[in-house]
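What follows is one structure encoded as structure tokens, with my remarks underneath.
Every value quoted in this text rests on a predicted model; they were computed, and no experiment measured them.
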Amino acid sequence: MRNHTPVTTFILLGLTDDPQLQIPLFIFLLITYMLSAVGNLTIIILTFVDAHLKTAMYYFLQNFSFLEISFTSACIPRFLYSIATGDRTITYNGCACQVFLTDLFGIVEFFLLATMSYDRYVAICKPLHYTTIMNPTVCKKLISGCWVITLLLLLPPFGYGLTLEFCDTEIDHFACDANPLLKISCFDSEFIEKMVLFCSSFILFVTLTFVVWSYGSIIRTILGFPSAQQKKKAFSTCSSHFIVVSITYGSCIFIYIKPSAKDEMATNKGVSVLATSISPMLNPFIYTLRNKQVKSALNNFLKQLYCSQ
């Protein structure tokens, strides 16, 4: 079996073969991608130019917005190109890069969400020591740690995956992803499936445990506040992050914690659209619509742009 011709290109089957759905799907994904890019880029710009957004919370939000743009850009533009031109082929190297980048940005997001939950824990539970604990040096080390841990977890299964040989070229997905690629592998993929399952489970368990612990401590502290106004304000500062955490973990747990790559992929593709296009689009609106400081910074920024013209 090792004498067969190595695969140099794959064919991405996309979401649907129905030609009537191609145009609505293209328009939908284009709009969500543009809103995601513009929304997250706006948050990045605001955290750079507004002096009131120079705290640790917005430093992490700036990095999270960068990850959201990078994550959705790793797969959605390529899918839009496939719909627009009808060219569903992707090179082996292009596919490998897409798998690496989407996994890299996605995993870093999980560790960053856990870091952001710790930031909220310090802000609510240890407010007098917040600026000391979450100083710029610590924040930069936490961000660096997210990337380093991700690379250490990602490189072993990704490196092993590069040694796989494939008996088919059709990927039942709109983007290159580990599960559909394992489905067309020539050989028994049980070992690498277990590696992927272990890494996915470890990442989700560790980060989700940390998030749950942080919010458990936050809720206990908030319930001890004597004033209803204090409770409302404290819950408000955490609500945006909690909504984002729920969307991100919910979709990714559904996709990746599966017993085998041989499972039906149709439902997973729909959830992948949520994770790669809708979720990155919603996050900027969740943070801006529920955050007075960001809304104020946006209004000031727009006024400065108007006055400069």
Side-chain angles (χ1 to χ4, degrees), residues 9-45 64-91 93-110 113 169-181 183-184 243-256 258 264-289:
T9 59
F10 293 103
I11 299 172
L12 297 169
L13 297 183
L15 284 174
T16 177
D17 291 325
D18 190 343
Q20 295 183 344
L21 294 178
Q22 298 303 311
I23 293 178
L25 181 61
F26 178 85
I27 294 173
F28 171 76
L29 290 175
L30 179 62
I31 292 174
T32 56
Y33 177 71
M34 292 177 64
L35 288 174
S36 174
V38 171
N40 284 291
L41 187 60
T42 299
I43 289 180
I44 292 173
I45 293 172
F64 187 74
S65 294
F66 166 77
L67 286 172
E68 289 286 63
I69 294 175
S70 302
F71 180 61
T72 189
S73 296
C75 53
I76 296 300
R78 180 62 183 80
F79 186 36
L80 290 173
Y81 170 80
S82 296
I83 298 174
T85 63
D87 181 11
R88 297 187 176 188
T89 61
I90 184 171
T91 65
N93 290 337
C95 190
C97 287
Q98 193 172 64
V99 171
F100 179 76
L101 291 176
T102 52
D103 286 351
L104 175 67
F105 297 133
I107 296 171
V108 173
E109 275 193 15
F110 281 108
L113 284 172
T169 59
E170 292 187 343
I171 301 175
D172 189 14
H173 211 283
F174 64 86
C176 289
D177 189 62
N179 283 344
L181 279 170
K183 191 176 180 181
I184 61 173
I243 293 170
V244 172
V245 165
S246 301
I247 295 173
T248 304
Y249 278 92
S251 59
C252 290
I253 287 173
F254 188 91
I255 294 171
Y256 291 107
K258 307 288 286 185
E264 180 61 43
M265 295 298 299
T267 306
N268 281 7
K269 289 192 288 185
V271 180
S272 294
V273 172
L274 169 67
T276 58
S277 65
I278 299 176
S279 180
M281 176 197 69
L282 290 177
N283 291 342
F285 293 100
I286 292 172
Y287 278 109
T288 55
L289 293 176

Worksheet item: Ignoring hydrogens and geometry, is there a side-chain-to-backbone donor-acceptor pair from Glu109 to Phe64 under 3.5 Å?
Response: no
Item to complete: Please check if the side chain of Thr72 supplies one atom and the backbone of Thr276 the other of a donor-acceptor pair under 3.5 Å.
Response: yes
Worksheet, complete the sentence: CZ of Arg78 to CG of Asp87, rounded to nearest 0.5 Å, is 6.0 Å
Worksheet item: So which heavy atom on Asp172 is nearest to which on Lys183, and how close?
Response: OD2-NZ, 4.0 Å
Worksheet entry | Criterion side-chain contact (heavy atoms from CB on, under 4.5 Å) against Gln22, the qualifying member of Ile83, Leu15, Ile27 | Ile83
Discussion item. Using side-chain heavy atoms (C-beta onward) and a distance below 4.5 Å, is Phe10 in contact with Thr89?
Written reply: no
Discussion item. Give me the atom names and distance for the closest heavy-atom approach of Ser65 to Ile43.
Written reply: OG-CG2, 3.4 Å
Item to complete: Report yes if the side chains of Ile69 and Phe105 come closer than 4.5 Å at any heavy-atom pair, otherwise no.
Response: no
Worksheet entry | Pairwise side-chain contact, Phe26 with Leu80, heavy-atom cut-off 4.5 Å (strictly under) | yes
Discussion item. Within this structure, what is the SG-CG distance for the pair Cys176 and Leu101, rounded to the nearest 0.5 Å?
Written reply: 11.5 Å
Worksheet entry | Closest heavy-atom pair and its distance - Thr102, Ala74 | CG2-CB, 3.6 Å
Response to the item:
Between Phe79 and Gly14, the two heavy atoms sitting closest are CE1-CA, 4.0 Å
Worksheet item: Roughly how far apart are Ser279 OG and Phe71 CZ, rounded to 0.5 Å?
Response: 8.5 Å
Fill in: Nearest-0.5 Å distance, OG of residue Ser82 to CD1 of residue Ile90
7.5 Å
Practice prompt. May I ask you to test the Ile171-Cys95 pair for a side-chain heavy-atom distance under 4.5 Å?
Written response: yes
Fill in: Donor-acceptor pair, side chain of Ser36 and main chain of Thr32, under 3.5 angstrom
no
Worksheet item: More than 12 foreign heavy atoms under 6.0 Å from CD1 of Ile23: is that the case here?
Response: no
Practice prompt. Identify, with sequence neighbours excluded, every residue that meets disulfide bond (SG atoms under 2.5 Å apart) alongside Cys75.
Written response: none
Worksheet item: Distance from Ile31 atom CD1 to Ser277 atom OG, nearest 0.5 Å?
Response: 11.5 Å
Discussion item. If you apply the rule side chain to side chain contact (heavy atoms under 4.5 Å, CB included), what do you find for Thr169 with Thr9, and how did you get there?
Written reply: CA-CA 7 Å; Thr169 59; Thr9 59; 5.6 Å; no
Discussion item. Restricting to side-chain hydrogen bond (donor to acceptor under 3.5 Å, both in side chains), what partner residues turn up for Ser73, sequence neighbours left out?
Written reply: Tyr33
Discussion item. Nearest 0.5 angstrom please: Leu12 CG to Gln98 CD, how far?
Written reply: 6.5 Å
